[in-house]
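These numbers come from a predicted model, not from an experiment.
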Amino acid sequence: MTTLRAFTCDDLFRFNNINLDPLTETYGIPFYLQYLAHWPEYFIVAEAPGGELMGYRWCCADAVFTVMGKAEGSVAREEWHGHVTALSVAPEFQRLGLAAKLVELLEEISEKKGGFFVDLFVRVSNQVAVNMYKQLGYSVYRTVLEYYSASSGEPDEDAYDKYLFMVNMRKALSRDAEKKSIIPLPHPVRPEDIE
Amino acid sequence: MAARGHVQDPNDRRLRPIYDYLDNGNNKMAIQQADKLLKKHKDLHCAKVLKAIGLQRTGKQDEAYALAQEVAALEPTDDNSLQALTILYREMHRPELVTKLYEAAVKKVPNSEEYHSHLFMAYARVGEYKKMQQAGMALYKIVPKNPYYFWSVMSLIMQSISAQDENLSKTMFLPLAERMVEKMVKEDKIEAEAEVELYYMILERLEKYKEALDVVRGKLGEKLTSELQSRENKCMAMYKKLCRWPECNALSRRLLLKNSDDWQFYITYFDSVFQLIDESWTPPPEEEHSLEGEVHYSIEQAVKFIEERITEESKSSRPLRGPYLAKLELIRRLRYRGCNDEYKLGDPEELMFQYFRKFGDKPCCFTDLKVFVDLLPSSQYTKFISQLLAVIPLSAAAEGELALPSDIKALQQHLCVVQLSRLLGIYHAMEKKQKLAAVRELMLRYRHGLEFGKSCLKTELQFSDYYCLLAVHLLLDLWLEGEETAVWQCLTLLEEGLSHSPSNAQFKLLLIRIYCRLGAFEPVAELYSSLDAKHIQHDTIGYLLTRYAEALGHYAAASQSCNFALRFFHSNQKDTSEYIIQAYKYGAFEKIPEFIAFRNRLNSSLHFAQVRTERMLLDLLLEANISTSLEESIKSMSLSPEEDDIPWNDLRDNRDLTVLFNWDPKDRDISEEHKKLSLEEETMWLRIRSLTLRLVSGLPTLSHTIQPKNSEKTAENGVSSKIDTIRSLLQQLEVAVDSGKKFLEQKIQYPVLGPPPTRMAGFFSNGSCQCQTSLFYLVSDIYELDTNGLEDSAEIQERIGNSFNSLVERLTDLFNKCKGDLIEVRDGTLKTHPSLLENLVFFVETISIALWVSSYCDSVLRPFKSNMQKKKKKKKESSLAMPPVFTHFLDYVAELQTLTSNVIDHIRGLEIILSALKLEELSLKDTLLLEEEKKFTKTVQGKVQSSYHHSVQEIGELLKKRLDTIKKLKI
C-alpha cells in the first residue's frame, strides 16, 4: 500500500529515515542530479500514506523506499541493459516484499527500452540481498574483486590484503531469448575490467 | 581533460606533459614546463592558459586571471585554449567569462556547431535565458537537429519562469514556445519523447489542459513510454485540472484493477466518486460512460468495488495492505459526510483488529493503523488494546511472570500494540508509579527480545529496539514532569540499547538531543559522526549540532561543523549548474526548473544563513585582536556593515524536524504550527546575530579619523556615512530585539523532541542583550567625541563615563548569572545546571565585543592624548587638566580586566570541582536500576562530567587570550 512516483529533488530533504540506515549511502548532490538528468524514469520513490489528514486530502507522507537505476551498454554487442544502482527500503517497511516489487518495476522499464538484461552488484557478504535476488531470478554472472581500504572506504590499490568480493548478478530479459547474457564467466574480474 | 584524439598536431604533443602535470596535481612542474615551452613558442597561447591553471591552483589567483585575460583578449579559436580557459574560469567561479570567450569564437568561426553549442551551455550555466534561446536557434540554422530547436523552446519556458511579470510570461514567452512546437508538429518533425514532454509542459503552464490532454491521448502521446504509466499519470493530472470527474474515476478504477495496492489511485477514486455524487452525475444514455470507460458514481458502487478488491486480495500470493486500508478510508469519508453504518462496511474497531491479525507482524502495521485511529471512540481505546493483546501468542515461563513472545512475529505484534498504546495516550494517562512499572516491563521485553537477534549483523537493527526507545520516551515524560533522575535513566537505557544495536540511528539521535539538553556536547560529536551524515544531511539535520556546539563552548567542534556545512552549500552552486546542462543534453526538460528550484532552496536555506553568520562571529570571537587585528579579520571575510546577503523573505527551513521517531498522540506531537513558530524564532534570532555581526564589522570603518583633525569636514563624508550605517543597524537591532521579546512572551513550548529552542531566551534573560546593545550605543557616543574634539564635549564625556559605569555593572551582573556549580550531588542524585555554561559563553562573547569597542575607543583617545602631551611640552603648563574621559576610560579598562580575571578564576574553580567530583563514589540510590544499568549510568554521568570539563577548559582558554588583549588598551 504505497504510492509510487518519480523521485524529485525535494525528496532529498526528507529521505533521512531511509538514509540513516548504515547500509544506505548518502551520496553527494551530483550523484542524484546525474541520475535525475539522465535516467529520471529509473529513479522511483514510494510513499506510505501518513501524517496529517488535512481537510479531506492526504498530505505529507513518509518515503518508504527508493530505487535508482540506469540504462547503458551497446545495442550492437547486445550489451544494452538496465542496471540497478541503489535500492533502499526504510527499516519500518522492510520484510514486505517491496524490494522485489521495485526490481520488477525496473525490469519492466528495461523491457520497454529493449534491454537484453538487467544487472546489479552486491557485496558477497550481503547474503540476504544475494538470496533475495536469486529468488527474483537473478544469477551470478561474475565475481568482482575489489580492494577497499578499511579506513577511508575509498578504493586503495595498496591494500591488497583487504579484498572484498562483489558479485555481479544478471537476469535476462525477453529480448535475450537464448539467455546468452547470463552465462557465467569462469574467473573473477577486477573492477577496472568492468565496463 | 588530457585525452585528446588527434595526436598528429605537434602542439598537442608539446602540451601533453603540462596536461599530465596538471592532471596529477603537480602544478609547480606544470608552470615550469609551460614557461619552458613559451620560451620556444611564444604564440602557443594554450600553454599560457595551462600555466594560468597551475597558478590558480597554487593560490595565485591574480596572476592567473591576468594571464587568462591576455589570452582571452586575442579571442582564441583553437580548441585547446578554449577548453583550458573554460576549465580555468570555472575554477575561478567566473562562468560569465566563458560566455564572452565563445561569443568571440562564434563570431570568428560562425559555422562551428561545436562552438555554438559551447556558447549555449555557457549561457545555460549562468542562466542567460534569452541568449540561450538565440544561441539554440543559431545552432539549429547551422545544423537542423531537433534537440537544438527544442533547447531554444526550453529557453523560452525558462524566460517565462524567471519573468517577474506573470502576464508577460503567459502572454509572450509561453505562447511563443507553444507556436514553435506547433510548427514542428505541423511539419511532422517531432521525433523524441522529450519533445512531447516539453509540449505538454508548455500547455500545462499555459493552463491549456484540454489541449494538453489531447496531446497525451493522441498520436504524439504514443511517444511517452519511458516513465511507468506516463500517459495515464499525465491524463489523470489533466482530468483533475479540468474537473473531469467521470474520467478521473474511470481511470483510477482501471489502474486499481491493475494494481490494487497503489494508494494514490484510491484517493482519486474516492475523491471522484463523491464529486460525482455531489454533482448528481448520471451516465449518458447509450454511450460510453467516459473517455476512460466505466464510471462509479454511487456509494453502493464504491462499497462494492472496495469489497471486491478485498476478495481479490485474498487470492493474491503477496498480501496486499491497500484494499483493507482503502475500506477504512472509505468509512472515514462516509462518516465525514454524516453517513454512519448504513452501508454495512463494518465496525472500524473490528476492521482494525482484523488488519492487525493479518499484518500485525509487519513493522509497518503501526504506521498503517496510526492513520485511522481517529475512527476509534476514545472510550474504546483500552478495550481495543486488550483485544489486540489477547490474540498475541505470549507465554509466561512461570506463574506470575511476564508473558513473552516466543518468536519474532509475536514480538513484532506486541510491539505494534505497545506503539498503538502510546499513540492512544494510554501511557500518558498513567500515574508515576505505573509509568515506572511500564518502563521496567518494556526493558524486560527489550532484553528478552535481543534473543531473537543474536545472529544480526552490526549493521542490522535488533528486533526489540523499539521497546527500549518507548521506555525512554516514557522516562522523558517523567523527566519533563519534574522527575530529575529520569533523564539519567533515559541516557542509561539508550547507551545500553546502542551497545546491542550499534547502528540504530534513532538511539543516536535521541542521545544527541538529551545530551545537548544537559549541556554535554562532547559525546554528541562522536554520536553524530557515527551517523555518517553528509552532503544534504548537513542541511537537514546539521541543526542538531550547530545549535549547541558553540552555545556550550565547544568552539573547535562548532567551527568544524560550520565548515562541513558551508563546504556543502558552496559546492551546490557549481554542482547544480553542471546538471542543468546535462538535463538539456539528455532532454530531461522537466528537470531543469526542478534543479533550479532545488538550487534556490539550498541557497536560501535557513541553516546556510545561520552557519554563515555564526561561523563569522565565531572566527571573530576566536581570532579578532588575538591572532589578527579585528580590521584584518573582517577584511579577510570581506564583511561590510552595509551588506546583507541573507534572503530574509525567502528563507527556507530545510531542517528535518521529524527525524526522531515518536509515538505521541496528535495533540502532543510536533505540529505544523510548531514548525512555523520555530522558523519564526530562528529567523528572529538570526536577525539579531546577523545585525551583531554587521555592527562589529563596522567598528574598524570608523577608525579612519585617526589623522589630525582639519577644518575640512568634507573629507570625512565617507566616515560619517559609516556611522550612519552603524546607527541604522543599531536601530534595526533594537527592533529585532523587541520583536524577539514579544515572541518569547508567548512562552511557546515545543515538544521535547521537536525543534530545539534558539539561544534567544538566554540572551535576553542573562543580560547579554542589554550589554551588547549598550556597547553599540557607546560606539556612537565615542564617535561623537571623536568628531567634536575634547573641548566643548563635557556632556558627551560624561555620558561616556556613565556608560562605562553601567556597563561594568551589567557585565558584573552577567557574571553573577554564571556563578554556581555545573554539577551538584543532591540526595544521592546528580543535578546539572547547563544554563550556567550557556551564560558563560554569552559572557565571553559580550566581553569580547566590549574589548573590540574599547579598542575603538582607544584608537580615538590615543591621538588626543599625544596631542595634549605635545601641547603640554610646548606650554610647559602643568595646569592643563586631563579631560575626564581619559580617567573614565582607564578606570573602565581596569574594571574589565579585574572582571575578566575574576571570571577566569571562577572557571578555574569550576575545573577543580569538576575534576575532584568522583562520580564513581556516588552511590546510586535509585532502586530502579539494575546492577548492569548502573554501569551504564556511571558511563553516562562520566561523559557529562568530562564534557563540562571540556567546555570550561575551552571557554577559559579563550578568556585568557582575551585578558591578554586588555593589556594593550592602557593609553
Side-chain angles (χ1 to χ4, degrees), chain A residues 1-6 8-10 12-17 19-23 25-34 36-42 44 47-54 56-58 60-62 64 90-97 100-101 105 108-109 112-113 125 128, chain B residues 225-228 230 233 261-264 267 271 318 320-322 325 332-333 336 362-364 366-368 370-371 374 458-459 461 503 505 509 531-537 539-541 568 571-572 575-576 578-580 582-583 585-586 588 590-591 594-595 597-598 601 654 656 659 666 672:
Chain A
M1 195 250 344
T2 40
T3 292
L4 290 173
R5 58 169 179 78
T8 69
C9 288
D10 279 340
L12 291 168
F13 292 96
R14 9 177 283 175
F15 65 7
N16 280 321
N17 66 334
N19 276 42
L20 287 173
D21 180 87
L23 289 178
E25 178 74 14
T26 301
Y27 298 98
I29 300 298
F31 186 77
Y32 300 106
L33 296 193
Q34 180 198 349
L36 288 172
H38 201 154
W39 306 280
E41 67 277 11
Y42 270 116
I44 300 164
E47 290 177 321
E52 302 294 311
L53 188 74
M54 302 268 285
Y56 218 42
R57 292 211 82 83
W58 295 106
C60 91
D62 313 298
V64 174
E92 263 179 288
F93 296 91
Q94 286 167 6
R95 305 177 185 118
L96 287 169
K101 183 165 177 166
L105 275 178
E108 201 183 320
I109 299 169
K112 274 206 230 159
K113 285 187 183 289
S125 58
V128 182
Chain B
T225 54
S226 290
E227 217 178 292
L228 284 173
S230 175
N233 288 339
D261 216 23
D262 202 329
W263 190 246
Q264 58 189 324
I267 299 304
D271 280 351
R318 203 187 276 167
L320 301 177
R321 292 134 64 221
L325 295 173
R332 184 214 301 286
R333 289 182 181 231
Y336 184 84
K362 308 282 185 203
C364 62
F366 167 75
T367 327
D368 291 343
K370 180 182 177 181
V371 180
D374 56 348
K458 268 192 173 164
T459 48
L461 307 183
S503 302
L509 289 165
L531 281 175
D532 204 18
K534 40 195 170 179
H535 308 299
I536 192 130
Q537 290 170 323
D539 194 18
T540 52
I541 57 172
F568 163 72
S571 67
N572 156 51
D575 291 346
T576 34
E578 218 42 57
Y579 294 96
I580 290 168
Q582 285 211 9
K585 282 188 186 154
Y586 297 125
E590 78 279 7
K591 290 289 161 195
E594 188 183 315
F595 287 178
F598 175 65
R601 181 164 175 189
N654 297 335
D656 184 347
V659 67
K666 218 182 201 166
E672 287 307 309

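Neither the backbone nor the side chain of F366(B) comes within less than 4.5 Å of any heavy atom of chain A. Interface residue D539(B): only side-chain heavy atoms are found under 4.5 Å from chain A. Heavy atoms closer than 4.5 Å to chain A are found nowhere in I580(B), neither backbone nor side chain. Contacts of E578(B) with chain A are absent, with no heavy-atom separation under 4.5 Å from either backbone or side chain. In this structure, chain A has heavy atoms under 4.5 Å from both the backbone and the side chain of T576(B). Interface remark: K362(B) contributes side-chain atoms only to the contact with chain A (heavy atom separation under 4.5 Å).
Minimum interatomic distance between D261(B) and K101(A) (heavy atoms only, all atoms of both residues): CB-NZ, 4.3 Å. The heavy-atom pair separating I109(A) from S226(B) by the smallest distance is CG2-O, 3.8 Å.
The choice from L228(B), L531(B), D656(B), L461(B) that makes the most heavy-atom pairs within less than 4.5 Å of chain A is L228(B). For the options Q582(B), E227(B), H535(B), K585(B), heavy-atom pairs under 4.5 Å to chain A are most numerous at H535(B). Of the listed residues (A597(B), S230(B), P363(B), S571(B)), the one with the most heavy-atom contacts under 4.5 Å to chain A is P363(B). Contact count against chain B (heavy-atom pairs under 4.5 Å) is highest for H38(A) among K112(A), H38(A), E41(A).
For the pair R601(B) and E594(B), the salt-bridge criterion is not met [side-chain N within less than 4.0 Å of a carboxylate O]. Looking at D271(B) and R333(B), a side-chain N of the basic residue comes within less than 4.0 Å of a carboxylate O on the acidic one, giving a salt bridge.
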